[in-house]
**Student:** 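There's a structure below that I have some questions on.
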Amino acid sequence: GHYGRGHSFHNRAMLALARLCTPRTVCSVSTVGRVAVRSFASATDENLRLAVSSSSQANRRYLYFAQQADVEGLPEIANLFRSIAQGETSHAMGLLEFCEADPATNLPMDTVASQLKAAISGETHEYTSMYPSMAATAREENLNDVAEWFETLARAEESHAGRFEESLRKLEASN
């Protein structure tokens, strides 16, 4: 449950743990004394998340558009798309500097180990939930080629998660 001001705890240990909670967090205290702390997203936090997403998507779209310009024999326009795509990458990187948590997973990202955990979480969500659900919807709509692509992507994301997990294991073993 969520605990706010005025809630009395019967267990001193749980009260001490609950002090981790600040006015910008939601805390859950389990019956075994575990405290989960999740930051409230302020309007600015949400705007940062959306801006990172928008800049990241613009980067990928512009690189895709550059390929089309190349195919159509328009190298100047292709180079324009690539140049602006690089600018969008810079925008996203700058925005990430202000984020207190990974905008995709809301997990900490202040160390390489925490970044690996956030990456594992994101990739795992994609291969266990997101892409399988998308593939099922595409099949229901008789878009089997799209469904097969979603399934291919799910397998790739599973591989990515495994690679991140292996790196995290090696990192933790070296510390």
Side-chain angles (χ1 to χ4, degrees), residues 24-26 36-172:
R24 294 194 60 202
T25 61
V26 172
V37 180
R38 183 179 57 84
S39 295
F40 275 134
S42 70
T44 298
D45 291 334
E46 181 64 11
N47 288 341
L48 285 166
R49 188 186 70 73
L50 292 171
V52 168
S53 177
S54 178
S55 292
S56 299
Q57 287 180 21
N59 168 274
R60 299 290 90 187
R61 289 182 8 259
Y62 297 163
L63 291 177
Y64 178 82
F65 297 167
Q67 289 178 339
Q68 184 63 36
D70 283 334
V71 167
E72 293 184 21
L74 301 166
E76 288 180 23
I77 294 173
N79 289 334
L80 172 65
F81 277 125
R82 286 188 188 95
S83 173
I84 293 175
Q86 183 58 44
E88 294 295 341
T89 295
S90 296
H91 298 170
M93 297 290 205
L95 291 160
L96 284 165
E97 291 291 326
F98 292 100
C99 293
E100 293 181 9
D102 174 31
T105 64
N106 201 33
L107 293 174
M109 59 176 203
D110 55 331
T111 65
V112 171
S114 67
Q115 292 164 356
L116 285 166
K117 290 174 185 175
I120 292 164
S121 177
E123 299 290 332
T124 300
H125 165 71
E126 290 175 356
Y127 84 80
T128 62
S129 179
M130 187 180 86
Y131 284 127
S133 174
M134 291 175 172
T137 298
R139 287 207 190 284
E140 289 170 7
E141 295 174 347
N142 293 316
L143 298 170
N144 292 327
D145 55 339
V146 176
E148 289 173 14
W149 183 240
F150 286 144
E151 291 163 351
T152 297
L153 294 174
R155 288 188 295 276
E157 306 307 353
E158 184 174 13
S159 172
H160 297 166
R163 293 171 63 194
F164 285 134
E165 287 169 346
E166 180 61 25
S167 289
L168 179 61
R169 279 192 294 276
K170 288 178 182 177
L171 179 64
E172 288 174 338

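Note that the numbering runs from 1 along the sequence shown for the chain.
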**Student:** Are any of the side-chain heavy atoms of Glu46 and Leu50 separated by less than 4.5 Å?
**Tutor:** yes
**Student:** Between Tyr62 and Phe81, what is the ring plane arrangement, given parallel below 30°, perpendicular above 60°, and tilted in between?
**Tutor:**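 Because their plane-to-plane angle lies in the 30° to 60° range, the rings of Tyr62 and Phe81 count as tilted.
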**Student:** Could you check whether atom CD of Glu172 has more than 12 heavy atoms from other residues, nucleotides or ligands sitting under 6.0 Å from it?
**Tutor:**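 Above 12, so yes.
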**Student:** Find the distance between CD (Glu166) and CD1 (Ile120) and round it off to the nearest 0.5 Å.
**Tutor:**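 Answer for the CD-CD1 pair, Glu166 versus Ile120, is 10.5 Å.
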**Student:** Looking only at non-hydrogen atoms, find the nearest pair between Ala135 and Ala147 and report the distance.
**Tutor:**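 For Ala135 versus Ala147, the nearest heavy atoms are O-CB, 3.5 Å.
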**Student:** Would you compute the distance between atom OH of Tyr131 and atom NE2 of His125 and round it to the nearest 0.5 angstrom?
**Tutor:** 9.5 Å
**Student:** Test Lys117 against Leu168 for side chain to side chain contact (heavy atoms under 4.5 Å, CB included), laying out the working first.
**Tutor:** CA-CA 8 Å; Lys117 290 174 185 175; Leu168 179 61; 3.7 Å; yes
**Student:** Check Ala85 against Asn59 and note the closest heavy-atom contact, atom names and distance.
**Tutor:**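 So the minimum-distance heavy-atom pair works out to O-ND2, 2.9 Å.
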**Student:** Could you walk me through whether Glu151 and Arg139 satisfy the side chain to side chain contact (heavy atoms under 4.5 Å, CB included) test, starting with their C-alpha distance in whole Å, then the side-chain angles of each, then the deciding distance to 0.1 Å, before giving a yes or no?
**Tutor:** CA-CA 11 Å; Glu151 291 163 351; Arg139 287 207 190 284; 2.7 Å; yes
**Student:** Between the side chain of Thr128 and the main-chain N/O of Thr124, is any donor-acceptor distance below 3.5 Å?
**Tutor:** yes
**Student:** How close do Tyr127 and Ala154 get, heavy atom to heavy atom, and via which atoms?
**Tutor:**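 Minimum heavy-atom contact is CB-O, 3.1 Å.
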**Student:** Ignoring hydrogens and geometry, is there a side-chain-to-backbone donor-acceptor pair from Ser55 to Ala51 under 3.5 Å?
**Tutor:**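 Confirmed, Ser55 side chain pairs with Ala51 backbone.
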**Student:** Looking at Met109 and Leu96, what are the two nearest heavy atoms and their distance?
**Tutor:**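 Taking every non-hydrogen atom into account, CE-O, 3.5 Å.
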**Student:** Please report the shortest heavy-atom distance between Cys99 and Leu48, naming the atom on each side.
**Tutor:**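 Heavy atoms only, the tightest pair is SG-CB, 4.0 Å.
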**Student:** Got a second to check how far Ser121's OG is from Leu107's CG, nearest 0.5 Å?
**Tutor:**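 So the gap between those two atoms works out to 5.0 Å.
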**Student:** Passes side chain to side chain donor-acceptor pair (under 3.5 Å), Thr44 versus Asn47? Steps please.
**Tutor:** CA-CA 5 Å; Thr44 298; Asn47 288 341; 5.1 Å; no
**Student:** Which heavy atom of Val52 sits nearest to which heavy atom of Pro103, and what is that distance?
**Tutor:** CG1-CG, 4.1 Å
**Student:** Could you grab the distance from atom CG of Asn106 to atom CG of Asp45, nearest 0.5 Å is fine?
**Tutor:**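 Answer for the CG-CG pair, Asn106 versus Asp45, is 8.5 Å.
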**Student:** Could you tell me whether Arg163 atom CZ has more than 12 heavy atoms of other residues or ligands within 6.0 Å of it?
**Tutor:** no
**Student:** In plain terms, say whether Arg155 and Glu158 are close enough for a salt bridge, that is, a side-chain N and a carboxylate O under 4.0 Å apart.
**Tutor:**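 Judged by the 4.0 Å cut-off on N to carboxylate O distance, Arg155 and Glu158 do not form a salt bridge.
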**Student:** Roughly how far, to the nearest 0.5 Å, is CZ of Phe164 from CD of Glu157?
**Tutor:** 9.5 Å
**Student:** What distance do Ser56 atom OG and Arg61 atom CZ have between them, rounded to the nearest 0.5 Å?
**Tutor:**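 Atom-to-atom, Ser56:OG and Arg61:CZ are 11.5 Å apart.
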**Student:** Is it true that Glu148 and Thr152 share a donor-acceptor pair across their side chains at a distance under 3.5 Å?
**Tutor:**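 No, because no side-chain N or O of Thr152 sits under 3.5 Å from a partner of the opposite role on Glu148.
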**Student:** If the threshold is 4.0 Å, N to carboxylate O, is there a salt bridge linking Arg82 and Asp70?
**Tutor:**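 So Arg82 pairs with Asp70 through a salt bridge.
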